[in-house]
*Asks:* 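Next up is a structure, given as C-alpha cells.
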Amino acid sequence: MKPAIIQRILLHAAFWIFYLLVSNAYYAVPGKYTAELWYTAAMLPFYMLFTYPQVYLFIPKLLLKKKIALYVLVSLVFAKIVWWLNFSTYNHFLVPLKFGGKAEPFFYSMPWEIHLQGLKSAFPMVMICGVAVSIKLIKKWYLQNELNQKIQNEKLAMELEMLKAQVHPHFLFNTLNNLYSLTLTHSEAAPVVVTHLSGLLRYMLYECNQQEVPLNNEMAALKKYVELEKLRYGNRLDISFSCTGQLNGLMIAPLLLLPFVENSFKHGVSEQLDQCWVNIHLHAEADELTFNLSNSYSKDKTAGATGGIGLQNIRKRLQLIYKDGYQLSVSEQEDTYAVKLNIQLKRVLQVASFTETTFTEHIPLPAL
C-alpha cells in the first residue's frame, strides 16, 4: 500500500477516534464510561455511513455542481434511511447495552414515518457529518487557493519575462548602426562601444534571469546605457548622472529603472533638434531608494508619448513586484519631463555605517 494511502487512512482513523473520546467524555454517566464507550463505538458505522457519501459523493457530484434541488432531495432521502437504521439499532440493541433491561417501545416502525422524539437521535449524526464536511471543504479551499497561487506566480513570472523582453529593442539596433558608422571611419570609440554593448547584453541575458540583482550591477548597466546614448547624440546632449548614499547590499528587480531612462531619450531627447539635457540622480538611505530623472522635451512633439508601452510596462512591473512598497510620480512642466520613484528594497548586507559618495559625469565619448 502506498504511503499516501496509509497516511490518509491514519488521518481518518484519528478523526473518528477523537470523536469517540470526546463524545464518551461528554455523554458518559459516572460509572458507565466503558458502556458509553462501547455504545458510541457501535454508533460510529452509522455516522460513517451518513458522512462519507456526503463528503465524497453528494457534495462534489451534486452540490458543488449546482444541482441544488437534486442534492437536497437525495440528502433527505438518504438521511432518513440512515436515521431509521440508526434509531432502530439504538432502540433495540444499544439501550439495553447502555442502561440494562429491555428495549424501549419502538414508537414508529416504518422508515417514512417521522416523530419529533426521534429527531434527537439524528443530532450527533448531523453534527459529526457537518464537522467532516467542513474539514473537507476547508481542505479543498486550501488546495484550490494553493493551486491558484501557483498559477498566479507562474503567470507573474511569465509576465515579467515578457516585460523584460520588450525593453529597448530599438536601442540595440541604434547602437549597432552607430557602431557600424564608427567602424567605417576607424573611430577610436568603436572598441569602447563594443565593450559597453557587450557588458550590457551580458547583464541582460545572464544576470537578469534572477528575481533580484544587486543595485550596484543595475547602476553599472544603467551607466553603460547612458554612455552609449551619449555617443548617439554627441555634443548637443548634456548628461548628469549622480548617486549618493549607501548602495552596497541593496537588491532590486532587474531592468527596473532602465525603461525610465530609455523613455527620456526616446520621447525627450530624440524629439529635439537643439541642445538637450538629461539629469539622473539616485539616493539610497536605509532600505529606501529614491530615483529622480528629469529631461528636456518638446511638449508639442511628445504629447501622448509619455504613456507609451515602456512606462505602461514599468508601472505594471512595479505593481506586480513591489505592490504597496513603492511610490511613482510623473510630471510635465513646460519644457521639462520628470520622474520620481521611491522603492522599499531588500538589503542583504548589514551596513555598519552610512557613507555618502557622489559623482557627476559628463560622458566624454565623441559624437558620430
*Asks:* Can you tell if the side chain of K140 reaches within under 4.5 Å of the side chain of I59, non-hydrogen atoms only?
*Replies:* no
*Asks:* Roughly how far, to the nearest 0.5 Å, is NZ of K323 from CG of L320?
*Replies:* 9.0 Å
*Asks:* Cluster question for you: counting only ILVMFWY and a side-chain heavy-atom cut-off of under 4.5 Å, with indirect links fine, are L11 and I9 together?
*Replies:* no
*Asks:* Would you call the rings of F265 and Y225 parallel, tilted or perpendicular if under 30° counts as parallel and over 60° as perpendicular?
*Replies:* perpendicular
*Asks:* Could you tell me whether a side-chain N or O of R317 sits under 3.5 Å from a main-chain N or O of L255, the two making a donor and an acceptor?
*Replies:* yes
*Asks:* So if I apply the side-chain contact (heavy atoms from CB on, under 4.5 Å) rule between L179 and each of L228, L184, V194, which one comes out positive?
*Replies:* V194
*Asks:* Given side chains that start at C-beta, do those of L197 and L176 come closer than 4.5 Å, heavy atoms only?
*Replies:* yes
*Asks:* Can you give me the closest heavy-atom contact between I280 and F291, atom names plus distance?
*Replies:* CG2-CE1, 3.8 Å
*Asks:* Can you tell me how far the CG atom of N216 sits from the CE atom of M251, to the nearest 0.5 Å?
*Replies:* 10.5 Å
*Asks:* Quick one: does any side-chain atom of R347 pair with a main-chain N or O of N248 as donor and acceptor, under 3.5 Å?
*Replies:* yes
*Asks:* Should we count CD of Q344 as having more than 12 external heavy atoms under 6.0 Å?
*Replies:* yes
*Asks:* Quick one: does F58's side chain get under 4.5 Å of L63's, heavy atoms only?
*Replies:* no
*Asks:* Okay, side chain of E288, backbone of I343: is any donor-acceptor separation there less than 3.5 Å?
*Replies:* no
*Asks:* Could you check Y337 against V330 for side chain to side chain contact (heavy atoms under 4.5 Å, CB included), going step by step and ending with a plain yes or no?
*Replies:* CA-CA 8 Å; Y337 181 78; V330 178; 3.0 Å; yes
*Asks:* Could you see if V74 belongs to whatever hydrophobic cluster contains I68? Use Ile, Leu, Val, Met, Phe, Trp, Tyr and a side-chain cutoff under 4.5 Å.
*Replies:* yes
*Asks:* Just so I know, are the side chains of L282 and C243 near enough to count as touching, which here means a heavy-atom distance under 4.5 Å?
*Replies:* yes
*Asks:* Under 4.5 Å between side-chain heavy atoms, counting indirect links through other Ile/Leu/Val/Met/Phe/Trp/Tyr residues: same cluster for I138 and Y56 or not?
*Replies:* no
*Asks:* Indicate yes or no for a side-chain donor-acceptor contact from S75 to the backbone of V72 under 3.5 Å, with no hydrogens or angles considered.
*Replies:* no
*Asks:* Please check if the side chain of K230 supplies one atom and the backbone of L237 the other of a donor-acceptor pair under 3.5 Å.
*Replies:* yes
*Asks:* So H281 and H283, would you call those rings parallel, tilted or perpendicular, with 30° and 60° as cut-offs?
*Replies:* parallel
*Asks:* Under the criterion side-chain hydrogen bond (donor to acceptor under 3.5 Å, both in side chains), I'd like the reasoning laid out for Q144 against N148: C-alpha separation, chi angles, the key distance, then a yes or no.
*Replies:* CA-CA 6 Å; Q144 186 63 44; N148 292 339; 3.1 Å; yes
*Asks:* Kindly indicate, with the supporting measurements, whether the criterion salt bridge (charged side-chain N to carboxylate O under 4.0 Å, His left out) is fulfilled by E227 and K223.
*Replies:* CA-CA 6 Å; E227 290 177 348; K223 184 170 178 289; 2.7 Å; yes
*Asks:* Is there side-chain contact between L341 and T290, with at least one heavy-atom pair below 4.5 Å?
*Replies:* no
*Asks:* Does Y322 reach the main-chain N or O of A253 with its side chain, forming a donor-acceptor pair under 3.5 Å?
*Replies:* yes
*Asks:* For the residue pair Y52 and H12, does the interplanar ring angle fall in the parallel (under 30°), tilted (30 to 60°) or perpendicular (over 60°) class?
*Replies:* parallel
*Asks:* Applying side-chain hydrogen bond (donor to acceptor under 3.5 Å, both in side chains) to Y71 and Q54, what does each step give before you reach the verdict?
*Replies:* CA-CA 10 Å; Y71 167 76; Q54 283 286 345; 2.9 Å; yes
*Asks:* Using the rule that two of Ile, Leu, Val, Met, Phe, Trp, Tyr join whenever any of their side-chain heavy atoms come within less than 4.5 Å, decide whether L143 and W141 are in one cluster.
*Replies:* yes
*Asks:* Tell me whether the count of non-hydrogen atoms from other residues, nucleotides or ligands lying under 6.0 Å of CD in Q327 goes above 12.
*Replies:* no
*Asks:* Less than 4.5 Å apart, any side-chain heavy atom of I128 and any of W16?
*Replies:* yes
*Asks:* Would a single hydrophobic cluster contain both L76 and L62, if residues Ile, Leu, Val, Met, Phe, Trp and Tyr are joined by side-chain heavy-atom contacts under 4.5 Å?
*Replies:* yes
*Asks:* Answer yes or no: is there a side-chain heavy-atom contact under 4.5 Å between E212 and P254?
*Replies:* no
*Asks:* Are L222 and E218 side-chain neighbours, meaning at least one heavy-atom pair lies under 4.5 Å?
*Replies:* no
